[in-house]
2 protein chains.
Amino acid sequence: MSIATENFLKEIYQLSQTPGGETKPGVVAEKLGISNAAATDMARNLAAKELIIYEKYKELRLTSKGQNLALALLRKHRLWETFLYRTLGINLSQIHNEAELLEHSTSDFLVSKIDSYLGEPAFDPHGDPIPQPDGKIPDTDELIRLSTAKQGQNYHVRRLSGSEDEFFEFCRDNSIDIGQSIEVEKHYPSQNSIAVKILGQRILLNNELAGKIYVEIKKY
Amino acid sequence: MSIATENFLKEIYQLSQTPGGETKPGVVAEKLGISNAAATDMARNLAAKELIIYEKYKELRLTSKGQNLALALLRKHRLWETFLYRTLGINLSQIHNEAELLEHSTSDFLVSKIDSYLGEPAFDPHGDPIPQPDGKIPDTDELIRLSTAKQGQNYHVRRLSGSEDEFFEFCRDNSIDIGQSIEVEKHYPSQNSIAVKILGQRILLNNELAGKIYVEIKKY
DNA sequence: AAAATAATTTAAGTAAACTTAAAAAACATA
DNA sequence: TATGTTTTTTAAGTTTACTTAAATTATTTT
């Protein structure tokens, strides 16, 4: 399994978990920074290996074999993030990129060692659930995206689910941290934005960004 | 820098450090498990990138640029080994293979984090010196290869410098561990072998294997 | 529904890292 | 030194993962 293949499968999985995310070659291509033609090419290859189901002009769908591989990779990624954060003290904004490299060089043996060293964690430092060895994904039922949160309601930030440096930079600059209290002030549907209050500061977020912030209703 | 390139440079470096080791395409090819033709091909490529000096039918020599890259890779390898051994408790015989993969996915940033976490070690768990950030290699002057050790003399095992699983399996099975006392009983030049005594047991080692075991004269 | 636009696919080509087979050079030996 | 063996190199071909450009199909707009 090559790095290109692994990343392609992972991207299809991630897109399939994104609301409104389309798993079409063009979208995958854009995410991976390759041409549409390359994505179509790869889609045909992966279909031949029975990792995805590919019908021309249709969305790409993972087979269960393909999904298992994607989940195994995501597991490696999130365990590495947890390890880098907890053990080496690397920043939330930096662990993603390092894990992105390491995940492809990690044997099943090594990942299980890391897992037991960390005490078999269910969530990574961003709050993202870590797929378990059996493929099950820890529950995030009580969490909702900030973009869909209720006006006037108070929440706790539970998950920062982005991958770009800039997302974490923005969160850090605006005190959006895991555990932080946050109040939804107002939705602006026409602006595709939401106003929230954090530590007395009013902040306007666009829905795309707010969709990467997961919150839980504050219990008093 | 691709993985193939990195491994090729590292192999040239390692061969250049091996007594009687020839850095010719065929030898590198055999070590890396590729064809002679592929090695010649790679040699021409690396020469074009000024990482090695390549003259037809001559030995391959690293340029200082090439040597720096090889040393940086070796540093990553040995720091990973130290980390896997100390922190995750992985066996001496298993750390090499894992580090062999991880070394290629390790940023300079990450390696420096690992280095400080470990307290900037000078030697890895096999006793191999870890190249320092400036390219300097910690002293191993008092160490000699067991194959060249003096008859009748007592030593301490200080370094097990192999890479194959079988080498470590053999050492483990015969109590050849770092710190272990060892006495050279007799050389058998015609057999290319050496007889040693460990924990009361007499063992016959061929010189190739004994050349990977470094010892220090026992001080009473 | 037709036309315009956008996405996807096909076609052709490239670069890296290999392969095998044949040719050339180096080395070893009688 | 001539011959035979081994090693290295060259040549030609493969696979993977891309590229750009052109053709095709799908979607959106009018």
Side-chain angles (χ1 to χ4, degrees), chain A residues 1-16 18 20-62 65-66 69-70 73 100-101 103-105, chain B residues 1-16 18 20-62 65-66 69-70 73 100-101 103-105:
Chain A
M1 199 79 351
S2 72
I3 293 176
T5 296
E6 290 189 336
N7 282 334
F8 202 90
L9 289 174
K10 196 176 61 161
E11 198 54 57
I12 295 173
Y13 178 79
Q14 307 257 51
L15 283 169
S16 76
T18 308
E22 290 183 306
T23 59
K24 288 196 285 190
V27 185
V28 178
E30 215 228 295
K31 287 270 179 187
L32 297 179
I34 59 176
S35 68
N36 280 12
T40 301
D41 211 57
M42 183 63 95
R44 239 188 289 99
N45 287 337
L46 296 190
K49 290 178 186 147
E50 302 197 312
L51 297 171
I52 67 170
I53 293 160
Y54 171 52
E55 299 171 86
K56 280 191 199 175
Y57 303 104
K58 298 268 173 68
E59 297 213 346
L60 310 178
R61 285 141 53 211
L62 293 172
K65 199 170 144 196
L69 284 171
L73 191 65
E100 200 75 12
L101 294 178
E103 61 186 2
H104 303 291
S105 309
Chain B
M1 200 77 355
S2 72
I3 293 177
T5 296
E6 289 188 338
N7 282 334
F8 202 90
L9 290 175
K10 196 176 61 161
E11 199 53 57
I12 295 172
Y13 178 79
Q14 308 258 50
L15 283 169
S16 76
T18 308
E22 291 182 306
T23 60
K24 289 195 285 187
V27 185
V28 178
E30 215 228 295
K31 288 269 179 189
L32 297 178
I34 60 176
S35 67
N36 281 10
T40 300
D41 211 56
M42 183 63 95
R44 238 187 292 100
N45 287 338
L46 297 190
K49 289 177 186 147
E50 302 196 313
L51 297 171
I52 67 170
I53 293 159
Y54 171 53
E55 299 171 84
K56 279 191 200 175
Y57 303 104
K58 298 267 174 67
E59 298 213 344
L60 309 177
R61 284 141 54 211
L62 293 171
K65 200 170 145 196
L69 284 171
L73 191 65
E100 199 75 13
L101 294 177
E103 62 186 3
H104 304 291
S105 308

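Lettering follows sequence order; numbering is per chain, from 1.
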In residues 28-35 of chain B, which residues come under 4.0 Å of DNA chain D by heavy atom?
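Nucleic-acid contacts, sorted: none.
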Heavy atoms only, 4.0 Å cut-off, all strands: where does [X] land among base, sugar-phosphate and nothing?
X     : result
B:A38 : base
B:A37 : base
B:F8  : nothing

From the list A:E59, A:E11, A:Q14, side-chain hydrogen bond (donor to acceptor under 3.5 Å, both in side chains) partner of A:T23 resolves to A:E59
A:K56 vs B:E55, nearer the 5' end of DNA chain D by closest nucleotide:
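Checking each residue's closest nucleotide, the 5'-ward one belongs to B:E55.
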Provide, to the nearest angstrom, the distance between the [atom1] atom belonging to [X] and the [atom2] atom belonging to [N].
X     : N      : atom1 : atom2 : value
A:D41 : C:dA12 : CG    : P     : 14 Å
B:E59 : C:dA25 : CD    : C1'   : 16 Å
B:E22 : C:dA26 : CD    : P     : 15 Å
A:M42 : C:dT9  : CE    : P     : 15 Å

Nearest non-hydrogen partners of [X] and [Y], listed with the distance:
X     : Y     : value
A:A70 : A:L62 : CB-CD1, 4.3 Å
B:P25 : B:T40 : CB-OG1, 4.2 Å
A:A29 : A:A39 : CB-CB, 3.8 Å
B:L32 : B:N7  : CD2-O, 4.0 Å

Quick one: are A:L73 and A:L9 in side-chain contact, heavy atoms under 4.5 Å?
no
Do B:E55 and B:R61 touch side chain to side chain, with heavy atoms closer than 4.5 Å?
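Yes - at least one pair of side-chain heavy atoms lies under 4.5 Å apart.
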So, does A:R44 get its side chain near the phosphate of C:dT10, meaning an N or O under 4.0 Å from OP1 or OP2?
yes
The residue, B:K49 or B:K24, whose nearest nucleotide of DNA chain C is more 5′ is B:K49
Considering only heavy atoms of chain A and a distance under 4.0 Å, specify the first and last nucleotide of DNA chain D in 5' to 3' order that meet this criterion.
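With heavy atoms of chain A under 4.0 Å away, the range is D:dA17 to D:dA26.
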Under a 3.5 Å distance rule, please check whether B:K65 uses its side chain to pair with a backbone N or O of B:K49 as donor and acceptor.
yes
Who passes salt bridge (Lys or Arg N to Asp or Glu O under 4.0 Å) against A:E22, sequence neighbours left out?
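A:E22 satisfies salt bridge (Lys or Arg N to Asp or Glu O under 4.0 Å) with A:K24 only.
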Looking at the side chain of B:Y57, which of C:dA17, C:dT10, C:dA26 is the nearest nucleotide?
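Looking only at heavy atoms from C-beta outward on B:Y57, the closest nucleotide is C:dA26.
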